[in-house]
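To keep things clear, I will list the structure first and then write my remarks on it.
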Amino acid sequence: HLAEGTVGSIQTYLSVVEVTRIVRALAGMHAKWRNSVELANLKSVRTFEEVWDAGAMLFASGVYSGRRFYEKYGDRVHPEVVSFFDSDTHWGPIVRSGFSSNRTLCHYDVAAKNLSLPKDPTEPPVFFDWSLLVKGSIGVELGQVVAYSLRIEEHHRIPEVLDSYIESMRELGVVDLSRDILWEDVRYG
């Protein structure tokens, strides 16, 4: 698969067209697992909350870049973000309550470094590095795609990308996902 397309790097930014291809492909997985009994029965797959709590603990302890991050940017970090990572709960109640109850199966690390975009635009992207696979929120997945892959100059086109995602979900039979709920989930994500 990887020989047939362009593999990005952690620094790679993608065009709106490419990001749209990615979210349409993710819709295929998300629609299949969205709020399903099969999803609930996947006992070996972690939940997003478990992954986030573990990451927040490592971030706050300095095992990741927590301490260095505070030292460098502490005066510019929003207080809610600081308290979020400093709290005993780690998975902040404000953020937790912000997501809808929609859950699905998420790759959870969709960045340019973890996908191959075939040269043929009609072919779907190939995702790899599934080590962070979780049962989680659509909004986290799509929020990460935007944050990691879309040029900041193109962020005004995020609604266009989300519309493509909703269109794909509807084509796959998910008709009860509203744009407002999706936007809130992505915003929190």
Side-chain angles (χ1 to χ4, degrees), residues 1-2 4-36 39 47-49 51-52 55 78 81 94-189:
H1 284 303
L2 303 186
E4 299 300 318
T6 302
V7 180
S9 72
I10 200 164
Q11 293 87 16
T12 303
Y13 290 105
L14 305 172
S15 70
V16 172
V17 171
E18 292 166 325
V19 171
T20 299
R21 284 173 67 191
I22 293 165
V23 300
R24 282 185 174 275
L26 285 173
M29 177 173 65
H30 291 172
K32 177 181 178 181
W33 294 95
R34 185 173 180 269
N35 297 329
S36 66
L39 179 69
T47 66
F48 170 70
E49 288 79 4
V51 175
W52 186 278
H78 193 286
V81 175
I94 294 173
V95 177
R96 188 192 295 269
S97 66
F99 289 107
S100 72
S101 59
N102 295 319
R103 291 291 179 267
T104 188
L105 194 63
C106 297
H107 178 285
Y108 189 57
D109 196 13
V110 179
K113 63 189 172 70
N114 287 337
L115 62 91
S116 172
L117 286 168
K119 295 178 179 74
D120 180 350
T122 64
E123 292 293 318
V126 176
F127 301 104
F128 51 97
D129 190 358
W130 291 80
S131 60
L132 292 177
L133 184 74
V134 295
K135 296 185 279 188
S137 169
I138 290 168
V140 175
E141 184 96 283
L142 298 184
Q144 286 189 317
V145 170
V146 169
Y148 288 157
S149 301
L150 192 61
R151 287 181 170 80
I152 292 173
E153 298 80 21
E154 301 278 18
H155 277 201
H156 66 282
R157 296 181 66 187
I158 292 172
E160 179 184 328
V161 172
L162 297 184
D163 285 344
S164 294
Y165 176 83
I166 286 179
E167 181 183 317
S168 293
M169 291 289 272
R170 289 193 176 133
E171 290 167 0
L172 294 164
V174 177
V175 295
D176 61 341
L177 178 62
S178 78
R179 192 174 192 273
D180 289 343
I181 289 174
L182 179 63
W183 176 252
E184 279 300 292
D185 282 351
V186 171
R187 190 171 73 86
Y188 276 90

Heavy-atom side-chain contact between [X] and [Y] under 4.5 Å:
{"X": "L14", "Y": "I22", "result": "yes"}
{"X": "R103", "Y": "S137", "result": "yes"}
{"X": "D163", "Y": "R179", "result": "yes"}
{"X": "H30", "Y": "V174", "result": "no"}
{"X": "Q144", "Y": "H107", "result": "no"}
{"X": "V110", "Y": "Y148", "result": "no"}

Hey, is E184 close enough to R187 for a salt bridge, meaning N to O under 4.0 Å? yes
Does the pair E18/R151 count as a salt bridge with the N-to-O cut at 4.0 Å?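 The answer is no: the pair does not qualify as a salt bridge.
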Return the [atom1] to [atom2] distance between [X] and [Y], rounded to the nearest 0.5 Å.
{"X": "L182", "Y": "L142", "atom1": "CG", "atom2": "CG", "value": "6.0 Å"}
{"X": "E154", "Y": "E160", "atom1": "CD", "atom2": "CD", "value": "8.5 Å"}
{"X": "L26", "Y": "S168", "atom1": "CG", "atom2": "OG", "value": "10.0 Å"}
{"X": "N35", "Y": "D176", "atom1": "CG", "atom2": "CG", "value": "8.0 Å"}
{"X": "S100", "Y": "I138", "atom1": "OG", "atom2": "CD1", "value": "7.0 Å"}
{"X": "L150", "Y": "H156", "atom1": "CG", "atom2": "NE2", "value": "9.5 Å"}

With under 30° as parallel and over 60° as perpendicular, where do the rings of F99 and F48 fit, or are they tilted in between? perpendicular
Taking all atoms of both residues into account, what is the closest heavy-atom pair of [X] and [Y], and its distance?
{"X": "N102", "Y": "R34", "value": "OD1-NH2, 2.9 Å"}
{"X": "L172", "Y": "A31", "value": "CB-CB, 3.7 Å"}
{"X": "A25", "Y": "P125", "value": "CB-CD, 3.6 Å"}
{"X": "L162", "Y": "W183", "value": "CD1-CE3, 3.3 Å"}
{"X": "Y108", "Y": "L132", "value": "CB-O, 3.3 Å"}
{"X": "E141", "Y": "C106", "value": "OE2-CA, 3.1 Å"}

Run through R157, R21, H155 and flag the one making a side chain to side chain contact (heavy atoms under 4.5 Å, CB included) with V16. R157
